[in-house]
There are 2 protein chains.
Amino acid sequence: MAAGRGRPEDLREACVREALAIVAEQGVEGLSLREVARRLGVSHQAPYKHFPSRDHILAEMAARAFAAFAGHLESRPPGNPPHEDLAAMGRAYMDYALSRPLDYRLMFGTPLPNPADHPDMLRLACHAFDMLRQGIARAHAAEGRTVEGQDLDADALYVWSTLHGLAGILRGQATGGLVQVAVPVETVLEEMLARVGRGLGLRAGKT
Amino acid sequence: MAAGRGRPEDLREACVREALAIVAEQGVEGLSLREVARRLGVSHQAPYKHFPSRDHILAEMAARAFAAFAGHLESRPPGNPPHEDLAAMGRAYMDYALSRPLDYRLMFGTPLPNPADHPDMLRLACHAFDMLRQGIARAHAAEGRTVEGQDLDADALYVWSTLHGLAGILRGQATGGLVQVAVPVETVLEEMLARVGRGLGLRAGKT
DNA sequence: CTCCATGGTTGACGCTGTCAACCATGGAGC
DNA sequence: GCTCCATGGTTGACAGCGTCAACCATGGAG
């Protein structure tokens, strides 16, 4: 029975923590509940008392990754003008995607059979998306335009798509080095942000 | 021993075909070599005589998906003006991604441990990317600009990223319905293409 | 004091990828 | 024509996986 270090709720937490550690080492394919149990010195069925299935643990982990992700996006310096702030958000996005690729993949690359089964995760994901939406709205507002509703959604979808796609490609997941990115990542990103700014119809570009 | 319908090279082909069928039905996680063998009425080790490992079959399938994908991109009507042609390519891209989501995931969503091990697949992937690059170059040329080298790469990367990202999001893989896409896909796509056109600095938008 | 929900245990099942050893066949070299 | 060996199939085994089932300790509510 483990090294009796446990109050109630303890094993559940420990499972998630250990699962995250495994994913950080070996990626999501290397995760098994039995391995989690083994590392915790606990029987192979113990985690099952806290999670109905492997997918539920995955969803919980994804939820936490989303929370950390949102925190990362929020941690950019305050007080910048809207254009610059939006660009900073883009940089924060890519920074997270590249510095914690396995967490990123957990959020965006892991196929959960039915995401609707995991409402907590969905809510956190929506929160992150909202941050982007607001950043875009502010940037438009700074140029005297009011953008909202479906137009704003479309803008946000556009920015999100571009960042998400670039992240996938830079991480090589998509193409395994299809593009020979000879130039440093920062340069690629700045070029991309400039194009995105034009695409949004922002006057100054985003820089 | 199966229904002796086989010349040499036959079982290898049959494996790939059957594996693709399984993926089309159940997605890539549902694929197992044993199931392939079972469906072909052959022993569970027979496929192993033709593929060193599961990953190699996956790579072969991805390669074929890339080939089909390139074909799909190429099948757009000829003779259109460059802007329109580029937009048509974007539509073809999304059409493939949404109408054959499992193949698409095979190309872009499946994590192959080491893509460099599968040069054929890489080559086909690069070919598809080249088509995009050329389409963009023509669109610029139509406006009297010559874009090449790193700038062209950046443009292509930008367009590819955006389409790839949008495809991922529309397929729900990324976010599981994070965005409530109330409007039809076509509309979302056209809005996106318009933004991409602006991002590229094309005068007319892309439509 | 009893009872039962909670959270742990062990054991089994069927599935997977992969390794190993064995065997039929048919064409090359002599 | 006989031998030999590569090719491509076979069966059998192994460990690891998720999951189901049954069992058991404990502790708080009635």
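Sequence lines set the chain letters: A, B, ... in the order given, protein chains first and strands last, and positions in each chain run from 1. If you're wondering where the values come from, they're calculated on a predicted model, not measured in any experiment.
- We find that CZ of B:Arg12 is positioned 11 Å from P of D:dG8, with the value rounded to whole Å.
- Stems are defined here as 3 or more consecutive Watson-Crick or G-U wobble pairs with pairing distances under 3.5 Å; those involving DNA chain D are C:1-30 with D:1-30.
- Atom C1' of nucleotide C:dA5 and atom NE2 of A:His50 are separated by 14 Å, given to the nearest angstrom.
- For A:Val42, the side-chain atoms get nearest to C:dT9 when compared with the rest of C:dG7, C:dT9, D:dG8.
- Salt bridge present: A:Glu84 and A:Arg91 bring a charged side-chain N and a carboxylate O closer than 4.0 Å.
- For the pair B:Arg38 and C:dT16, the criterion of a side-chain N or O lying under 4.0 Å from OP1 or OP2 is met.
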Q | Full working for side-chain contact (heavy atoms from CB on, under 4.5 Å) between B:Leu86 and B:Arg138 | A | CA-CA 9 Å; B:Leu86 187 55; B:Arg138 277 193 299 268; over 6 Å; no

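- For A:Tyr96, the ring pair (Phe, Tyr, Trp, His ring centres under 6.0 Å) criterion is met by A:Phe69, A:His72, not counting sequence neighbours.
- Taking atom CZ on B:Arg34 and atom P on D:dT10, their separation rounds to 13 Å, with Å as the unit.
- Between B:Leu106 and B:Arg64 the shortest side-chain heavy-atom distance does not fall below 4.5 Å.
- Ring-plane geometry between B:Phe66 and B:Phe108 is classed as perpendicular, the angle between the planes exceeding 60 degrees on a 0 to 90 degree scale with a lower cut at 30.
- A donor-acceptor pair under 3.5 Å links the side-chain atoms of B:Arg54 to the main chain of B:Leu31, judged by distance alone.
- Taking CG from B:Leu58 and OG from B:Ser53, the interatomic distance works out to 8.5 Å, rounded to the nearest 0.5 Å.
- We find that CG of B:Leu33 is positioned 14 Å from P of D:dG9, with the value rounded to whole Å.
- Of the candidates C:dT9, D:dG18, C:dT16, C:dT9 carries the atom nearest the A:Ala46 side chain, counting heavy atoms from C-beta on.
- Remark: A:Arg195 engages B:Asp155 in a salt bridge, criterion side-chain N to carboxylate O under 4.0 Å.
- The distance from atom CD of B:Glu35 to atom P of C:dG14 is 17 Å, rounded to the nearest whole Å.
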Write out a two-atom table: protein N or O, nucleotide N or O from nucleotides 20-24 of chain D, distance below 3.5 Å.
residue : atom : partner : partner atom : Å
D:dC20  : N4   : A:Gln45 : NE2          : 2.1
D:dA21  : N6   : A:Gln45 : NE2          : 3.3

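- Residue A:Asp10 contributes atom CG, which lies 15 Å from atom C1' of C:dT6 at whole-angstrom precision.
- To the nearest angstrom, P of D:dG8 lies 12 Å from CZ of B:Phe51.
- Among the atoms of the strands shown, only primed sugar atoms or phosphate atoms (P, OP1, OP2) are found under 4.0 Å from some heavy atom of A:Arg54.
- A sub-4.0 Å separation between OP1 or OP2 of D:dG9 and a side-chain N or O of B:Ser43 is absent.
- Straight-line distance from the CG atom of A:Leu58 to the C1' atom of D:dG18: 13 Å, rounded to whole Å.
- Residues B:Thr162 and A:Thr162 bring a donor and an acceptor atom of their side chains to less than 3.5 Å of each other.
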